[in-house]
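Worksheet: the structure to be examined is printed underneath.
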Amino acid sequence: MRLKAALPKLELYLYAAVLYLSLLWAGTWIWDASADNVNRKVFKKSVKPGWHYFGRKMDVADFEWVMWFTTFRNHILFALAGHVIFAKVCSLISPRHRSLIYGLYGGLAVLVSMGGGFLALVLSHCFILYSVALVKRKWIVFVAGLASLATFKMEPFNTWQQGFVTGYFDLQDILFYGGSCFTIMRSMSFALENCEKKDGNYTFTDLLKYNFYLPFFYFGPIQTFDQFHVQANNPNLTRKQREMWNITTGALLHLGAIFVVDVFFHYLYILTIPNDMKLVKQLSDWSLAGLAYSNLVYDWVKAAVMFGVINTVARLDHLDPPQPPKCITMLYVFAETHFDRGINDWLCKYVYDYIGGSHKHIFKELVATICTFVVTTLWLGPCELVYIWSFFNCFGLNLELWVDKIFSLPPFSNIEYAIGEAMSRRIRAVFGALNFWTIILYNVLALNSLEFAKLVGKRLIVQGFPLSTLSVLFVTYCGVQLVKERERKQLSKRINKEKT
């Protein structure tokens, strides 16, 4: 990727002006649609009274967001605050055994929240995969691990295992599936790392300490065992310069993001509108494009905030957890598209990179991507929508890799060299704009519905051609150029830093 070429400042200012004005225009359309249709019958289920200061109702269509920051906010804060206080005290008393204490606290929290039956179920899966880990054969680990994961995704095994949880409360299903499925993935990471261990084996206690670390247990993200084991057992608890300042700043940014999202939900009903297909069909092409884009941006913000809150607690425990996902606005290549960096790191380390090797051979790359999306499909839960999502994203990733490899060969590479870096960057940005909307359409179907995704695609590609199609692509092209300029500056800073 050629990032060294700098474009004229006036050209970049033009791109920025076009992008920001277009986003403002699309946002105005969505604002009007939200205000004018607040009393529609479909809206009554997910548009509820909000903050009385605004005098407007609030979009509460996303259960996860409402759960985290409204309904069960106090319960989650209580559990995480208890962990922080308990962990701090224990770190001062016995820093060498803090990982054991973290595990004991997490196990106790799971017992209190979900009961002894669920704890026994989780321990049984841990024990099965620990036993498999002792064989030190990766293929056996994958067979056993994916079979265990499938028992939580398919009937009648799923219903049978749910029977271990007694009673019922609103958060039970979320905690059950989160705790059990993340346990399988963590146990597989443990088992696969044990296969790499040349002398002896890790202990069952190591697995339990890793799995029952409370901040990661129910909601993730997944930190691979090799990283967690080193960091959690490091007795040196000194912090880097300005580390606490960075943690505090990050926590305040997350609080600010929560406030901003809640305010936006009072004015832009971006999650409820796609559920009303009669209203959606009445919207302009620009409104539809803005609606699809804003849904993916929101999903990124949600993931960044939710993982950010958990990661703040983990960083207080002297861990280096997986970073939040890359902003959807910055994505114009399939290779960097993900909404959960922990799962993405897990898949890359144990499936994609393991099978793909150097990623230079097209056939091995194809097998690696197919296997990666097979595991991803099982993780998300096999169903028609997930099958479609996996197929198109797998196809998009492979097509992107093939095109990149073809254009790196003569005569295309010679032509690119002849036209100069600035023109090469402009041409690449055109392909990046096309790729960006492919990513949007392939992923919006998983966030909303297949019907909504088909309507957006039909309006922007078929019915809206050429005016809507080309205008939306031009605005996207402007955005891609701004992202490329940001990447160019970051690369220049990195190079200058390495030189000094």
Does [X] use its side chain to pair, donor to acceptor, with the backbone of [Y] at less than 3.5 Å?
| X | Y | result |
| --- | --- | --- |
| Thr151 | Ser148 | yes |
| Ser471 | Ser468 | yes |
| Asn158 | Met154 | no |
| Gln323 | Arg341 | no |
| Ser390 | Tyr387 | no |
| Ser189 | Phe225 | yes |
| Arg239 | Leu316 | yes |
| Asp317 | Leu319 | no |
| Asn344 | Asp340 | no |
| Arg486 | Met330 | no |

**Request:** Flag the pair Glu11 and Arg426 as a salt bridge only when some basic side-chain nitrogen lies within less than 4.0 angstrom of an acidic carboxylate oxygen.
**Result:** yes
**Message:** Any salt bridge linking Glu416 with Arg428? Criterion: basic side-chain nitrogen under 4.0 Å from a carboxylate oxygen.
**Reply:** yes
Within a 6.0 Å radius of atom [atom1] on [X], are there more than 12 heavy atoms belonging to other residues, nucleotides or ligands?
| X | atom1 | value |
| --- | --- | --- |
| Tyr354 | OH | no |
| Phe157 | CZ | no |
| Glu155 | CD | yes |
| Trp31 | CH2 | no |
| Gln490 | CD | yes |
| Phe264 | CZ | no |
| Phe431 | CZ | no |

Close side-chain approach of [X] and [Y], heavy atoms under 4.5 Å:
| X | Y | result |
| --- | --- | --- |
| Tyr352 | Leu347 | no |
| Tyr332 | Thr476 | no |
| Tyr15 | Tyr477 | yes |
| Thr28 | Asp32 | yes |
| Val472 | Leu460 | yes |
| Gln162 | Gln172 | no |
| Lys9 | Glu485 | no |
| Leu450 | Ile388 | yes |

**Prompt:** Hey, mind stepping through Phe395 and Phe373 against ring-ring contact (aromatic ring centres under 6.0 Å, His included) and telling me if it holds?
**Reply:** CA-CA 10 Å; Phe395 171 77; Phe373 278 99; over 10 Å; no
**Fill in**
When rounded to the nearest 0.5 Å, the distance separating CG of Asn448 from CG of Leu291 is 7.0 Å
**Message:** For the CE atom of Met185 and the OG atom of Ser180, what is their distance to the nearest 0.5 Å?
**Reply:** 12.0 Å
**Message:** Parallel, tilted or perpendicular: which one describes the rings of His83 and Tyr213, with boundaries at 30° and 60°?
**Reply:** perpendicular
**Prompt:** According to the interplanar angle, ranging from 0 to 90°, do the rings of Phe118 and Phe217 count as parallel (below 30°), tilted (30 to 60°) or perpendicular (above 60°)?
**Reply:** perpendicular
**Request:** Begin from the C-alpha positions of Trp286 and Trp25 and carry the test ring-ring contact (aromatic ring centres under 6.0 Å, His included) through to its verdict.
**Result:** CA-CA 8 Å; Trp286 272 95; Trp25 187 24; 5.4 Å; yes
**Request:** State whether a side-chain donor-acceptor pair under 3.5 Å links Asn37 with Tyr269.
**Result:** no
**Gln231 versus Gln223, side-chain donor and acceptor atoms under 3.5 Å** = yes
Looking at [X] and [Y], what are the two nearest heavy atoms and their distance?
| X | Y | result |
| --- | --- | --- |
| Val386 | Gly381 | CG2-O, 3.3 Å |
| Leu331 | Phe436 | O-CD1, 2.9 Å |
| Ile355 | Lys364 | O-CE, 3.4 Å |
| Lys44 | Asn39 | CE-O, 4.1 Å |

**Message:** Taking the cut-offs as 6.0 angstrom to the six-membered ring centre and 45 degrees off its axis, would you call Lys153 and Trp379 a cation-pi pair?
**Reply:** yes
**Request:** Would you please test Phe182 and Phe216 for ring-ring contact (aromatic ring centres under 6.0 Å, His included) and show each step?
**Result:** CA-CA 9 Å; Phe182 276 118; Phe216 294 163; 9.4 Å; no
**Message:** Against Glu487, only a single residue in Arg494, Arg425, Lys326 fulfils salt bridge (Lys or Arg N to Asp or Glu O under 4.0 Å); can you say which?
**Reply:** Lys326
